[in-house]
Protein chains: 2
Amino acid sequence: MSRWEPNARGRLEQAALELYTERGYEQTTVAEIAKRAGLTERTFFRHFADKREVLFAGAASLEELLVATVAELPESASPIDAVTAALEAAAAAFGERRAHARKRQTVITANAVLKERELIKLASLSAALADTLRGRGVGEPAASLAAEVGVAVFKVAFERWIEETNQRDFSHLIRESLAELKAVTAGT
Amino acid sequence: MSRWEPNARGRLEQAALELYTERGYEQTTVAEIAKRAGLTERTFFRHFADKREVLFAGAASLEELLVATVAELPESASPIDAVTAALEAAAAAFGERRAHARKRQTVITANAVLKERELIKLASLSAALADTLRGRGVGEPAASLAAEVGVAVFKVAFERWIEETNQRDFSHLIRESLAELKAVTAGT
DNA sequence: TTCCTGATGTCAGTCACTGACATCGCTTCG
DNA sequence: CGAAGCGATGTCAGTGACTGACATCAGGAA
């Protein structure tokens with residue numbers, strides 16, 4: 001395991017998920033992650049801003065996907081429809097990786113500090129969606145609310161998708177949660 | 001400034017907010033906060049779990065207030081009405097403390113790690129609301145969605161209340177945001 | 001007074017994270 | 001081919017958040 005093995009970043013991500021799963025997030029030191037990946041602690045911090053971030057490498061690309069999806073929609077689409085389309089795209093992107101998502105989510109939900117990081121990633125997602133909606137002429141606070149509501153629906157559907165034993169289609173769960181949301185907000 | 005001055009916890013909170021405002025969160029050490037409060041670093045960590053928590057001491061009581069408000073409503077109230085009532089109670093609780101809330105919020109929005117902590121407090125609020133709704137016979141995912149949506153409305157209204165120069169009534173802003181939300185989710 | 005208890009102080013230690021600088025392997029240019 | 005340049009990695013010495021163990025102090029109970 002010499003210097004210059006390929007994919008240092010990917011090795012660090014894998015080593016971290018393994019160790020966080022094996023012995024827990026807090027009981028794992030960055031030095032141990034780096035060692036398992038054949039690197040040093042200092043190199044870990046060159047690839048990831050902190051010990052949590054190694055679990056959230058994919059968040060940026062997910063955000064790009066959602067924004068791109070909304071941006072490509074015809075102007076005629078309503079805010080809620082735009083958000084729905086974005087969520088469907090996200091569901092499709094997860095698609096095959098339920099096992100990995102589940103493992104990762106188990107680690108995250110077991111640690112408050114990891115939950116914090118997850119929440120701020122979702123907030124960033126919401127802000128990006130709201131920005132895109134505003135760019136399409138949606139006013140405030142409609143843009144922010146549509147984005148927040150979209151993320152709320154995503155959270156609820158994702159949780160169900162991960163937890164259920166009888167695997168159901170992610171996008172189906174999203175449509176279901178969205179319908180439920182409309183019923184709730186319409187309630188007197 | 002001897003040992004056993006009263007209200008150590010309150011002195012720490014005030015010293016922290018002052019220092020975070022004066023020189024920024026990251027540039028302030030816990031030792032400095034403790035020193036200004038006439039205490040030691042070790043004592044700081046006996047009152048607050050970490051350097052961030054000192055800004056969020058009131059979150060627990062806010063949560064209690066919201067839960068109590070919902071719990072006292074007649075069973076006939078719909079989920080969205082229950083959440084609305086809780087938000088109105090929260091608005092009333094803030095009432096006079098706009099200046100303090102504003103100062104605190106300025107510090108929080110300037111630091112990613114503080115934003116993370118704020119988000120998890122709001123998530124805890126949402127979870128507590130959802131629990132209470134479930135206790136009143138509301139099913140899932142309606143309970144979670146109503147709670148999430150309520151928190152989203154609160155966030156939007158709070159931001160406006162803090163930012164606007166011409167001070168408007170907090171509960172008025174909440175009703176306004178809620179109406180907007182209903183319009184958004186009803187949109188085709 | 002004496003004892004007990006809870007709040008505080010002291011000290012030593014771990015670990016996340018950073019800056020400065022050295023080193024390595026590959027690529028490009030002469 | 002060999003030297004220079006450059007990006008990725010290693011090494012080292014810090015700072016500061018946070019913790020455990022133990023001592024100490026003030027006030028109330030016996």
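Throughout, protein chains are lettered first and strands after them, A, B, ... in sequence-line order, and every chain is numbered starting at 1.
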Visitor: Under the side-chain hydrogen bond (donor to acceptor under 3.5 Å, both in side chains) rule, collect the residues that match up with B:His172, sequence neighbours excluded.
Guide: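 By the side-chain hydrogen bond (donor to acceptor under 3.5 Å, both in side chains) rule, B:His172 matches no residue at all.
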
Visitor: What's the CG-P distance between B:Leu12 and C:dA7, to the nearest Å?
Guide: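 Spelled out: CG on B:Leu12 to P on C:dA7 is 14 Å.
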
Visitor: Round to the nearest Å and state the distance from A:Leu39 atom CG to C:dC24 atom P.
Guide: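 Distance, rounded to whole Å: 17 Å.
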
Visitor: Quick one: does B:Arg136's side chain have a donor or acceptor within less than 3.5 Å of a partner on B:Ala82's backbone?
Guide: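 Answer holds: no.
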
Visitor: State which residues pass side-chain hydrogen bond (donor to acceptor under 3.5 Å, both in side chains) with A:Glu72; sequence neighbours excluded, sorted by chain then number.
Guide: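 Testing A:Glu72 for side-chain hydrogen bond (donor to acceptor under 3.5 Å, both in side chains), a comparison that skips the adjacent residues, returns none.
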
Visitor: Taking only heavy atoms on the protein side, list every residue of residues 40-56 of chain B lying under 4.0 Å from any atom of DNA chain C, sorted numerically.
Guide: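 DNA chain C contact set from residues 40-56 of chain B: B:Thr40, B:Arg42, B:Thr43, B:Arg46, B:His47.
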
Visitor: Which residue pairs satisfy the salt bridge (charged side-chain N to carboxylate O under 4.0 Å, His left out) criterion with at least one member in residues 45-58 of chain B, sequence neighbours excluded?
Guide: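 Counting only pairs at least two positions apart or across chains, the salt bridge (charged side-chain N to carboxylate O under 4.0 Å, His left out) contacts touching residues 45-58 of chain B are A:Glu116-B:Arg52, B:Asp50-B:Arg117, B:Glu53-B:Arg117, B:Glu53-B:Lys121.
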
Visitor: Write down the atom of B:Thr69, the atom of B:Ala89, and the distance for their closest heavy-atom approach.
Guide: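 For B:Thr69 and B:Ala89, the tightest heavy-atom pair comes out as OG1-CB, 3.5 Å.
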
Visitor: Report yes or no: is the cationic atom of A:Arg104 (NZ for Lys, CZ for Arg) under 6.0 Å from the centre of the six-membered ring of A:Phe56, at an angle within 45° of the ring normal?
Guide: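 Yes; both conditions hold, so A:Arg104 lies above the ring face of A:Phe56.
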
Visitor: Expressed as a whole number of angstroms, how long is the span from A:Arg11:CZ to D:dA8:P?
Guide: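 Distance check: A:Arg11 CZ to D:dA8 P gives 14 Å.
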
Visitor: Whole angstroms only, please: what is the CZ-P distance between B:Arg9 and C:dG6?
Guide: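 Distance check: B:Arg9 CZ to C:dG6 P gives 18 Å.
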
Visitor: Rounded to whole Å, please give me the gap between NZ in B:Lys35 and C1' in C:dG9.
Guide: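 So the two atoms are 16 Å apart, to the nearest Å.
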
Visitor: Measure the distance from CG on A:Leu19 to P on C:dA16 and round it to the nearest whole Å.
Guide: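 Rounded to the whole Å, the gap is 12 Å.
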
Visitor: Under a plain distance cut-off of 3.5 Å, with no hydrogens placed, do B:Glu148 and B:Ser144 share a side-chain donor-acceptor pair?
Guide: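 Side-chain D/A pair, B:Ser144 to B:Glu148: absent.
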
Visitor: How would you list, by chain and number, every residue that makes a side-chain hydrogen bond (donor to acceptor under 3.5 Å, both in side chains) with B:Arg23, sequence neighbours excluded?
Guide: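 Partners of B:Arg23 by the side-chain hydrogen bond (donor to acceptor under 3.5 Å, both in side chains) criterion, ordered by chain and then number, come out as B:Glu32.
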
Visitor: Tell me, which of residues 114-123 of chain B have any heavy atom that sits under 4.0 Å from an atom in DNA chain C?
Guide: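 Listed by number, there are none.
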
